[in-house]
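Sequential numbering from 1 along the given sequence is applied to the chain's residues.
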Amino acid sequence: MSVGAILAIVLGGVLLLAAGVIALIVLVRRAGRARAAMSAPEARAAVESSGWTFAERDDSYVPLYDRQYDRTGWAEPFHRPPRATGATGVITGTHRGRPFVAATFETVHDGEHRPERAIWVAAPAAHPMLSATRIVGPQNTINRTIGMGGLQLGDEEFDRSFEVHCDDEAFARAVFGPELRALLLHDSRSFRGFVLRGEYLDVFDPVGDYRDPDQLVAALDLRCDMLDRIPAWSRG
């Protein structure tokens, strides 16, 4: 058998193996999503057994969504802020002494309709919008050179790892004390950052089905851990 034929057989085997692995990964992911998705009755029973309230749909929370942008101001003068048109899978309650709202909002922004998951934990007071997003490599440095980078807080490791945006620099510096910076930098849980908007804190984290109390508690714990590490602020 020629060398070319042997190489062709080997290459074909590698490709078949790779295709099999990819197919297996797809099937596992699909099965995982299927297991994660709870029916509405299952979600209601699980949520209410945890002492929280559940509504399959409750559009009375639409004004709450809109208010988060109205209270913080909107930084894009040529674009209206996002608006909610409905709220489904609404869960409300208290976790570690803090009120929370978890829901899927149907939203519209610049004519585009999309669902938006929210797992909001109440902050001590309403304050300017603030976001911190994990970045990779020199992204923040590049953004700063074109006038789009975030605030620099004077912590080299943190400034290199997170891009912070807030119209109130004094507030941002008060929020990012040593304990919160340490959590954001070194916590092993999976998240890309967080946002403080209006009255609540939300986190950019992967949650399969927030209606599952186990997944919701984990998400709420992360948010509460962040709030616990933000120095007390006034309502001024």
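Here the rule is salt bridge (Lys or Arg N to Asp or Glu O under 4.0 Å) with Asp205, and of Arg223, Arg192, Arg189 only Arg223 fits it. Each of Val62, Asp59, Thr88 was checked for a side chain to side chain contact (heavy atoms under 4.5 Å, CB included) with Glu106, and the lone residue meeting it is Thr88.
Proximity of a side-chain donor or acceptor of Glu42 to a complementary backbone N or O of Ser39 within less than 3.5 Å is detected. Gln215 places a side-chain N or O within 3.5 Å of a backbone atom of Gly208 that can act as its donor or acceptor partner. Formation of a donor-acceptor pair under 3.5 Å by the Asp202 side chain with backbone atoms of Val121 is not found in this model. Between the side chain of Arg44 and the main chain of Phe54, a donor-acceptor pair closer than 3.5 Å is present.
Checking Thr53 against Thr92 by side-chain atom types alone, a donor-acceptor pair falls below 3.5 Å. Side-chain contact check for His127 and Asp168: no donor-acceptor pair (N or O, by modelled atom type) lies under 3.5 Å.
Checked against the 6.0 Å centroid threshold, Phe158 and Phe176 count as a close aromatic pair. Within the 6.0 Å centre-distance limit, the rings of Tyr65 and Phe105 are counted as a close aromatic pair.
Considering all non-hydrogen atoms of both residues, Cys166 and Phe171 come closest at SG-CD2, 3.9 Å. Between Ala172 and Leu151 the shortest heavy-atom distance is CB-CD1, 3.7 Å. Residues Ile230 and Leu201 share a closest heavy-atom pair of CD1-CD1, 4.4 Å. Nearest heavy-atom pair, Ser50 versus Ala46, reported as atom, atom and distance to 0.1 Å: OG-O, 3.2 Å. Counting all heavy atoms, side chain and backbone alike, Val47 lies closest to Pro213 at N-CG, 4.2 Å. Taking both residues in full, the closest heavy atoms of Asp66 and Pro82 are given as OD1-O, 4.2 Å, listed atom of the first, atom of the second, then distance.
Proximity of Arg83 to Thr107: side-chain heavy atoms (C-beta onward) are nowhere separated by under 4.5 Å. Side chains of Thr133 and Phe194 form no contact here, defined as non-hydrogen atoms less than 4.5 Å apart. Considering only heavy atoms from C-beta on, Trp120 comes within 4.5 Å of Gln68 through its side chain. Between Pro128 and Asp167 the shortest side-chain heavy-atom distance does not fall below 4.5 Å. Looking at heavy atoms from C-beta onward, His95 lies in side-chain contact with Val217 at the 4.5 angstrom threshold. The closest side-chain heavy-atom distance from His165 to Ser131 is below 4.5 Å. You'll find the side chain of Arg211 reaches within 4.5 Å of the side chain of Ile91, heavy atoms only. For the pair Arg197 and Tyr69, the minimum side-chain heavy-atom distance is below 4.5 Å.
For Glu56, the CD atom sits in a loose shell: 12 or fewer heavy atoms of surrounding residues, nucleotides or ligands are nearer than 6.0 Å.
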Subject >> side-chain contact (heavy atoms from CB on, under 4.5 Å) evaluation trace for Met226 with Leu180 >> reply: CA-CA 6 Å; Met226 290 182 179; Leu180 180 59; 4.1 Å; yes
**OP:** List the steps and the verdict of salt bridge (Lys or Arg N to Asp or Glu O under 4.0 Å) for Glu199 and Arg67.
**Re:** CA-CA 9 Å; Glu199 303 151 75; Arg67 191 168 75 224; 2.9 Å; yes
**OP:** Go through the steps to decide whether Glu157 and His186 satisfy the test side-chain contact (heavy atoms from CB on, under 4.5 Å), and finish with yes or no.
**Re:** CA-CA 11 Å; Glu157 183 183 10; His186 305 302; 3.5 Å; yes
**OP:** Would you check, one step at a time, whether the test salt bridge (Lys or Arg N to Asp or Glu O under 4.0 Å) holds for Asp187 with Arg229?
**Re:** CA-CA 13 Å; Asp187 195 283; Arg229 288 161 175 77; over 6 Å; no
Original post:
When you look at Tyr61 and Val101, which way does the side-chain contact (heavy atoms from CB on, under 4.5 Å) test go after all the steps?
Top reply: CA-CA 9 Å; Tyr61 282 88; Val101 177; 4.3 Å; yes
**OP:** Could you give me the CA-CA distance, side-chain angles and deciding distance for Asp225 and Arg96, then say whether side-chain contact (heavy atoms from CB on, under 4.5 Å) is met?
**Re:** CA-CA 10 Å; Asp225 287 346; Arg96 286 168 51 176; 2.8 Å; yes
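To the nearest 0.5 Å, atom CH2 of residue Trp52 and atom OG1 of residue Thr94 are 10.0 Å apart. Within the model, atoms CG of Asp214 and CG of Asp209 stand 11.0 Å from one another, a figure rounded to the nearest 0.5 Å. To the nearest 0.5 Å, the span separating OG1 on Thr85 from NE2 on His113 amounts to 7.0 Å.
Judged by the 6.0 Å and 45° rule, Arg117 forms no cation-pi pair with Tyr210.
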